[in-house]
A.B. asks: 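I'd like to ask some things about the structure below.
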Amino acid sequence: MPESDIAPSSILGRLTTEFIGRNLLYYPTIPSTMERAKKAAKESAPEGTVVIAAEQTAGRGRLGRAWLSPSGSISLSLLLYPDWRHLPRLNMMASLAVAHSLEKVCGLETEIKWPNDVLIRGKKVCGILIESALRGHSVDWAIIGIGINANLDVSSISGVAATSLSGELGHTVPRSEVLQCLLGELERLYQALRRGEPLHQEWQSRLITLGRTVQAKSGDSIQEGYAEAVDEDGALLLRLPDGSLSKIAAGEVTLQP
Ligand code: BTN
C-alpha cells in the first residue's frame, strides 16, 4: 500500500471536523509523533493540530516502553489545550473514539482494557499515550498519541498478545478512512466533554476489566482485588480482600484467570 494513502491530500478532502486535523503535519518517517507534537505545543500551534507519520523509528509506549510502528501502522499525535478538569477524561475519550472508528469503518467489534488499550478478540490492536504539561491548576497542553496496528503482520511484535486490522479482516484497510473517522470521533467526543457530558457510562460498558479479579500495578504499589466499576474520570474502583475500595487513577492491570 503506498504511503500517500495517509498523506494530508488523502485525508483532508473528506474530513468533516471543524478544528481537529485542520492543521495536519505529515511525515513519511519520524522518530516519534509525540516529540513533534510537543514542539508544536511549545510554538503555540492551534488546538487540534495533528501529527501523522507513515513510520516511526523511536515510537514511545506507556510506562517507558517502546512502541513499534512500522510502515502500514497508523501513528498520530493530537494537540489539545483542555481545561484541567477534563484532563483525566481524555483517556476515555480517545479509547472510545478509536473503538467507534474501528467498528464503523472496519466492522470490527472492539473491547477496551483499562486504562486505554483497545483490543479485538482479547488481543491489542491500539495503544494510547497521553502526555501533558501542567502549571498549577492549568494545563499548558495535552497530547494524545494513538498507535493502531492497521495493515501489518504482528507476528514480529513480542511481549503482548497483539493483532492488526488486516490480520483480523484478511485484507488491508483504507487507512485514510480510519483516520478521517477517528479525527471526527475525537472532535465529537471532545466537544461532548467540553459540554460536561459524561463519558464513563459508555466507556465502562465496553471495559473487559470489570467484574473480574485483577492485579493492578500503579507506581510501586501492586494490589489484587475485584474490579467493580470506574468513576467519572475513569479511575478504577477495586474492591480489596478486606472489603475496602481502592481508587486507582493510573497504572495497568493484569486480568487474573
Ligand atoms: C501503549 O504503550 O500502549 C501506548 C502506545 C502509543 C503509541 C503512539 S503511536 C503515535 C504516538 N507516538 C508515539 O511515539 N507513541 C504514540
Side-chain angles (χ1 to χ4, degrees), residues 3 6-7 11 20-21 24-42 45 48-80 90-99 101-102 110-120 122-133 141-152 154 156-165 175-176 178-179 182-183 185-186 207-209 216-219 234 236 250-255:
E3 295 306 346
I6 55 163
I11 294 166
I20 288 190
L24 191 58
L25 311 176
Y26 169 76
Y27 293 85
T29 179
I30 198 171
S32 164
T33 56
M34 297 307 279
E35 291 314 308
R36 182 61 190 88
K38 214 181 276 184
K39 183 167 176 276
K42 287 180 184 152
T49 292
V50 168
V51 182
I52 290 180
E55 180 189 37
Q56 296 186 116
T57 52
R60 296 210 310 266
R62 294 181 65 238
L63 309 168
R65 297 185 186 125
W67 178 263
L68 289 180
S69 18
S71 156
S73 2
I74 290 177
S75 306
L76 74 93
S77 292
L78 163 64
L79 171 64
L80 296 173
L90 295 182
N91 183 37
M92 292 189 282
M93 169 192 128
S95 44
L96 278 176
V98 171
S101 310
L102 300 189
T110 59
E111 302 151 342
I112 300 172
K113 177 169 172 249
W114 189 90
N116 56 18
D117 287 346
V118 181
L119 316 181
I120 298 173
K123 293 184 184 163
K124 180 160 170 171
V125 71
C126 166
I128 295 169
L129 174 68
I130 299 180
E131 295 181 341
S132 58
W141 49 260
I143 295 169
I144 301 178
I146 300 178
I148 302 177
N149 299 331
N151 297 326
L152 48 104
V154 289
S156 56
I157 301 179
S158 61
V160 288
T163 190
S164 67
L165 302 179
R175 287 186 298 169
S176 59
V178 175
L179 277 163
L182 178 57
L183 299 181
E185 281 297 299
L186 284 165
L207 276 184
I208 54 159
T209 314
K217 219 171 148 192
S218 181
L236 185 64
E252 64 178 345
V253 295
T254 312
L255 307 176

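For reference, positions follow the sequence shown, starting with 1. These numbers come from a predicted model, not from an experiment. Atoms within each ligand, like the ligands themselves, are counted from 1 in listed order.
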A.B. asks: Hey, which of Lys113, Arg65, Lys124 is the one that makes salt bridge (charged side-chain N to carboxylate O under 4.0 Å, His left out) with Glu252?
C.D. replies: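 For Glu252, the salt bridge (charged side-chain N to carboxylate O under 4.0 Å, His left out) check succeeds only for Arg65.
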A.B. asks: Evaluate the side-chain proximity of Leu102 to Val178: yes if any heavy-atom separation is below 4.5 Å, no if none is.
C.D. replies: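 In contact.
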A.B. asks: Using a cut-off of under 3.5 Å, which N/O atoms of ligand 1 pair up with protein N/O atoms, and what distance separates each pair?
C.D. replies:
{"from": "ligand 1", "atom 1": "2 (O)", "to": "Arg62", "atom 2": "N", "distance (Å)": "2.7"}
{"from": "ligand 1", "atom 1": "3 (O)", "to": "Lys124", "atom 2": "NZ", "distance (Å)": "2.7"}
{"from": "ligand 1", "atom 1": "12 (N)", "to": "Thr33", "atom 2": "OG1", "distance (Å)": "3.0"}
{"from": "ligand 1", "atom 1": "12 (N)", "to": "Gln56", "atom 2": "OE1", "distance (Å)": "2.9"}
{"from": "ligand 1", "atom 1": "14 (O)", "to": "Ser32", "atom 2": "OG", "distance (Å)": "2.7"}
{"from": "ligand 1", "atom 1": "14 (O)", "to": "Gln56", "atom 2": "OE1", "distance (Å)": "3.4"}
{"from": "ligand 1", "atom 1": "14 (O)", "to": "Arg60", "atom 2": "N", "distance (Å)": "2.6"}
{"from": "ligand 1", "atom 1": "15 (N)", "to": "Arg60", "atom 2": "O", "distance (Å)": "2.7"}

A.B. asks: So do Ile148 and Leu76 actually touch side chain to side chain, heavy atoms under 4.5 Å?
C.D. replies: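 Heavy-atom side-chain distance check fails, nothing below 4.5 Å.
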A.B. asks: Find the distance between CZ (Arg175) and CG (Asn151) and round it off to the nearest 0.5 Å.
C.D. replies: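 Spacing of CZ (Arg175) from CG (Asn151) equals 6.0 Å.
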A.B. asks: Taking only residues two or more places apart in sequence or in another chain, which ones pass side chain to side chain contact (heavy atoms under 4.5 Å, CB included) with Lys38?
C.D. replies: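 Only Glu35, Lys42, Arg60, Glu131, Trp141, Ile143 meet the side chain to side chain contact (heavy atoms under 4.5 Å, CB included) criterion with Lys38.
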A.B. asks: In the structure I gave you, are the side-chain heavy atoms of Ile20 and Val50 within less than 4.5 Å of one another anywhere?
C.D. replies: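 Yes - at least one pair of side-chain heavy atoms lies under 4.5 Å apart.
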